[in-house]
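Keep in mind that the numbers below use all heavy atoms, side chains included, and drop hydrogens, waters and symmetry copies. Order of the sequence lines sets the chain letters (A, B, ...), proteins ahead of strands, with each chain counted from 1.
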There are 2 protein chains.
Amino acid sequence: MPACTHDTAPTRYLETSGIRFAYRRFGNEHGGRVPLVFFQHFRGNLDTFDPAITDGFASDREVVLFDNAGVGQSTGQARDTIAAIAADAESFLDALGLNQIDVLGHSMGGEWAQLVALHRPALVRRLVLVGTGPRGGEGMSAQRPSTAELFAKQYERQDEMWLPIFFSPSQPSQAAGRKYLTRIRARQDRDTPVSAETARAHRAAAGEWGQPDQDGYAYLEKLSQPVLVVNGSNDIVIATVNSFILQQHLPDAQLILYPDSGHGAHFQYPELFLAQARLFLDR
Amino acid sequence: MPACTHDTAPTRYLETSGIRFAYRRFGNEHGGRVPLVFFQHFRGNLDTFDPAITDGFASDREVVLFDNAGVGQSTGQARDTIAAIAADAESFLDALGLNQIDVLGHSMGGEWAQLVALHRPALVRRLVLVGTGPRGGEGMSAQRPSTAELFAKQYERQDEMWLPIFFSPSQPSQAAGRKYLTRIRARQDRDTPVSAETARAHRAAAGEWGQPDQDGYAYLEKLSQPVLVVNGSNDIVIATVNSFILQQHLPDAQLILYPDSGHGAHFQYPELFLAQARLFLDR
């Protein structure tokens, strides 16, 4: 058993490029596997990673969670393009000093994950892209108004915003969502919520990424790493068809879509996702 | 270890509805799992099932392979609608007398598998649909001319026709195809090749199934069983987008698409397919 878990790993800090990055690193160093680094979604911080998933992976590899610039306890200014956010992530990874990593990017984190994988083919061995899409994907230049409302809504406990965003409206999916909330609430010391300023910058970055590119999806052909693309059957944030488009244009990608699920399908089926992601990472 | 394997299980015969069905039944009866019945593809017979897959499943469940009416060593006339082919399959299953089964349907076999699952919800527990599509799916009313040519081509060893049909043109995929051919050639006593008359009837059946239906894909909403939909990244027989359409319209379906692969993706990645199909069947 690893000494530290998702709930007990200390938050550490690493200063580089004028930014103090908050991160957590835990898990089994002796599993003979490269560490898995998680790239977080829009309005997410260290508190919205799912311990069922991170602790699952941590049983036989190291796991690294971090707040990118301007997020949570990390300093610096949140950037308003995916390319600039990717550059900040690369600064963090360089300072962390790992020779090789696997990356799991969720939502907007899957967008900058694509760029980091393209820029650093020697560093990034394999890539898991969950609930995300390609540059200029379908319906990605702006959030649907009904989805934007869900991100704007105020709750007594604000993390309840994730129930309609990450899960489907069905009873089983919402019940899985409640379990996810219970899991992410377990850790005692909490991260700093994402500021309105950071959310504005990141919303602009996602919108810019969603603009159709004159080269279409050609950039994906250069992404040579094996990729596992995962999504729910009806992602209301980044439409599910974009996961199919990623699989069709990447040279070496496997696609998995789950039933009756949304933007956070891996939080709905954490055990199945873990088993399948391991099959992919450990082949 | 099961006493009989794919290569040693005797071909047995079962007479019902005026048809003598040829079948093989083998595997572990004590695994506590329902038997898995395979529905075969266009121009396939008992010899084109992959022993890497059937023996894999047989380690902890029973497996049933059969020739439908007019195929291989089964008598009767091959039918020219998917509905009629499904009715023949139901005759066979009724005579076999199993209370509950899982079904793996490949290509055209996945078309009649949908109808059998719809007609017999108490019999069919779970469904795996590989390289197939919905009624009236995209580009399914007729074979592409380039694909029809591949089915018409004569070879010294005729099973080589499957290399360009089931596998992608890449070197790794073709190498996996050669291994598949080696596997399916191992059994000594061979099944009877599919006759030209049967192929004509089945081609008509597939064409009729491919005609757009006035209700679109609405029939899929009534298919209540959990379904695993699997395909290659570029299926030249039943375009890969049809697997995505199946997943999007079935009430409880998971989709898996493999990289650099075609209509027989499960033959290209038999171990990965087995692991994932087990995760699905055994949940």
Side-chain angles (χ1 to χ4, degrees), chain A residues 126-129 138 168-173 217 220-221 223-236 239-262 265-266 268-283, chain B residues 126-129 138 168-173 217 220-221 223-236 239-262 265-266 268-283:
Chain A
R126 289 184 176 227
L127 195 55
V128 182
L129 298 177
E138 288 191 19
S168 94
S170 79
Q171 190 279 328
S173 187
Y217 304 129
L220 290 170
E221 287 158 30
L223 205 159
S224 55
Q225 292 94 333
V227 181
L228 175 64
V229 182
V230 173
N231 209 345
S233 52
N234 182 22
D235 184 337
I236 60 170
T240 301
V241 70
N242 290 296
S243 292
F244 179 61
I245 292 169
L246 281 171
Q247 196 273 339
Q248 290 285 290
H249 289 268
L250 285 162
D252 184 2
Q254 186 186 149
L255 173 67
I256 300 181
L257 299 182
Y258 294 114
D260 180 29
S261 50
H266 56 324
Q268 181 167 341
Y269 302 102
E271 286 161 23
L272 181 58
F273 169 74
L274 257 176
Q276 292 176 320
R278 277 170 192 288
L279 280 173
F280 166 74
L281 292 174
D282 296 348
R283 270 190 102 199
Chain B
R126 287 182 177 230
L127 195 54
V128 181
L129 299 176
E138 288 190 20
S168 93
S170 78
Q171 190 279 327
S173 187
Y217 304 128
L220 291 170
E221 288 158 29
L223 205 160
S224 55
Q225 292 93 333
V227 182
L228 174 64
V229 182
V230 173
N231 209 344
S233 52
N234 183 22
D235 184 336
I236 60 169
T240 301
V241 71
N242 290 297
S243 292
F244 179 61
I245 292 170
L246 281 172
Q247 196 274 338
Q248 291 285 291
H249 289 269
L250 285 163
D252 185 1
Q254 186 185 150
L255 173 68
I256 300 181
L257 299 182
Y258 294 114
D260 181 29
S261 50
H266 56 324
Q268 180 167 340
Y269 303 102
E271 287 162 23
L272 181 58
F273 170 74
L274 257 176
Q276 291 176 321
R278 277 170 192 287
L279 279 173
F280 166 74
L281 292 174
D282 296 347
R283 271 190 100 198

For each of A:Val230, A:Val241, A:Leu250, tally heavy-atom pairs with chain B at distances under 4.5 Å, and name the one with the top tally.
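It is A:Val241.
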Would you say that B:Arg283 contacts A:Tyr269 through its side chain, given a criterion of any heavy-atom pair below 4.5 Å between the two side chains?
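Yes; the side chains approach each other to less than 4.5 Å.
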[X] versus chain A, heavy atoms under 4.5 Å apart: side chain, backbone, both or neither?
X        : value
B:Phe280 : neither
B:Val227 : neither
B:Tyr258 : both

What are the two closest heavy atoms between B:Ser233 and A:Gln248, and how far apart are they?
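Reported closest heavy-atom pair: O-NE2, 2.9 Å.
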Residue that, paired with A:Leu255, satisfies side-chain contact (heavy atoms from CB on, under 4.5 Å) out of B:Thr240, B:Ile256, B:Asn231, B:Leu255
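For A:Leu255, the side-chain contact (heavy atoms from CB on, under 4.5 Å) test succeeds with only one of B:Thr240, B:Ile256, B:Asn231, B:Leu255, which is B:Leu255.
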